There are 2 protein chains.
Amino acid sequence: MNKGERKFYNVFTELQCFILANMSRGEVNGVTATHYNIIEYIYRNDKCTGKQVAKAFNISPPAISRQLKFLVENNLIEQKQSSLDRRIFNLSATDKGKFIIDNSENFRERVAKQVSKALTRDELDNLTSLLGKVIGEIVESHT
Amino acid sequence: MNKGERKFYNVFTELQCFILANMSRGEVNGVTATHYNIIEYIYRNDKCTGKQVAKAFNISPPAISRQLKFLVENNLIEQKQSSLDRRIFNLSATDKGKFIIDNSENFRERVAKQVSKALTRDELDNLTSLLGKVIGEIVESHT
DNA sequence: ATAATTAGTTAACTTTGTTAAATATTACCA
DNA sequence: TGGTAATATTTAACAAAGTTAACTAATTAT
């Protein structure tokens with residue numbers, strides 16, 4: 001690794017640690033990160049099925065089944081059996097579920113705001129574009 | 001959020017997803033990410049104690065105790081009772097443990113290399129500096 | 001010398017993932 | 001039309017890794 005790579009490597013490690021530390025097993029609004037992500041998915045994909053959720057999160061149907069059970073019991077999502085195909089249960093976020101998602105967007109928006117406070121507008125655009133290139137390159141080489 | 005912030009927000013989400021997806025519960029060299037991190041810590045902090053490891057990873061002593069047991073049984077680390085204070089066990093990485101860490105550095109180096117391939121030298125320095133500012137700002141506001 | 005503290009372990013429990021098997025429904029075809 | 005195959009979901013049994021509470025052994029302090 002040359003000097004530039006080494007510097008990036010170190011910064012990237014910091015970023016990675018920061019992200020992991022802030023997404024670890026903890027809960028906000030009485031909901032874990034996993035719960036949150038499932039609710040968000042269902043919110044964004046109204047009337048989706050358990051199968052779809054399992055695929056989206058790359059976890060097994062039984063694991064999703066238990067999570068959905070929890071979310072229904074806690075009034076965060078609703079399950080409604082499809083009349084067209086009674087094997088299928090269409091999922092929707094409840095008002096309570098939607099509120100948590102909407103509310104939590106604020107955190108991420110705050111982060112974006114903080115970032116824009118730390119950088120000039122040009123720097124921010126620059127960073128976004130650079131990260132975009134980086135992500136494109138990495139994701140591409142991993143698939 | 002203004003337009004620049006929105007763009008950054010989206011890129012950051014991608015980055016977050018990428019990092020999480022590539023650090024999820026999987027194993028490399030027969031060792032999970034948690035095992036890996038503990039071995040690495042012990043490698044970098046030779047003769048450290050279980051207590052120190054627990055503190056470093058912010059998990060409870062019993063949890064560390066079980067992990068250390070596994071790592072010793074799999075010949076990845078060694079525990080040697082201190083002669084100065086027999087409550088204490090000094091930890092060291094075995095050759096096997098060290099090999100795994102050294103070897104895995106390669107992955108991160110490859111990522112750094114890929115990044116440097118996707119960007120010009122100037123862009124890379126630019127990105128590193130921008131990310132550094134960003135991380136500094138965020139970490140500061142969270143502590 | 002005895003009481004308090006410290007490092008580490010054991011036991012019991014929780015969460016969240018897994019695979020295998022069961023259930024119910026739908027699709028296909030001879 | 002009826003029987004077989006496929007699909008969506010759930011249940012059951014298990015594993016990994018975290019937790020707290022209680023325990024042991026060693027050290028420190030009064």
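Keep in mind that this is a model prediction, so the values were computed, not measured. Per chain, numbering begins at 1; letters A, B, ... match sequence-line order.
One finds no salt bridge joining D102(B) and K98(B) here, because no Lys/Arg side-chain nitrogen approaches an Asp/Glu carboxylate oxygen to under 4.0 Å.
With rounding to whole Å, H35(B) atom NE2 is found 9 Å from dA17(D) atom C1'. Between F89(B) atom CZ and dT9(C) atom P there is a gap of 6 Å when expressed in whole angstrom units. Residue K69(B) contributes atom NZ, which lies 15 Å from atom P of dG18(D) at whole-angstrom precision. dA16(D) atom P lies 15 Å from atom CD1 of I38(B), rounded to whole Å. Atom-to-atom, CZ of R66(B) to P of dC13(C) comes out at 15 Å; the value is rounded to the nearest Å. In this structure, the CD atom of Q67(B) is 15 Å from the C1' atom of dG8(C), given to the nearest Å. The nearest whole Å value for the distance from the CD1 atom in I64(A) to the C1' atom in dA8(D) is 13 Å. We find that CG of N37(A) is positioned 15 Å from C1' of dG17(C), with the value rounded to whole Å.
Checking each of I38(B), I42(B), I100(B), L68(B) against L76(B) for a side chain to side chain contact (heavy atoms under 4.5 Å, CB included) leaves exactly one that passes, namely I100(B).
Contact check, S65(A) against dT9(D): no side-chain N or O comes under 4.0 Å of OP1 or OP2.
Residue I88(B) is the one, among T34(A) and I88(B), whose nearest nucleotide of DNA chain C lies closer to the 5' end (criterion: closest heavy atom).
Comparing dA7(C), dT9(C), dG18(D) by their closest approach to the side chain of P61(B) singles out dT9(C).
Within the nucleic acid shown, Q79(A) comes within 4.0 Å of sugar-phosphate atoms alone, with no base atom in reach, counting heavy atoms only.
A distance of 10.0 Å separates NZ of K51(A) from CZ of R87(A), quoted to the nearest 0.5 Å.
Within 6.0 Å of NZ on K96(B) lie more than 12 heavy atoms contributed by other residues, nucleotides or ligands. Other residues, nucleotides and ligands place more than 12 heavy atoms under 6.0 Å from the CG atom of D46(B).
Under the 30°/60° scheme for interplanar angles, the aromatic rings of Y41(B) and F57(B) are found to stand perpendicular.
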Can you name the atoms? Protein N/O to nucleotides 23-30 of chain D N/O, anything below 3.5 Å, with the distance.
| residue | atom | partner | partner atom | Å |
| --- | --- | --- | --- | --- |
| dT27(D) | OP1 | R86(B) | N | 2.9 |

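Within the 4.5 Å cutoff, the side chain of K47(B) has no heavy atoms near those of the L91(B) side chain.
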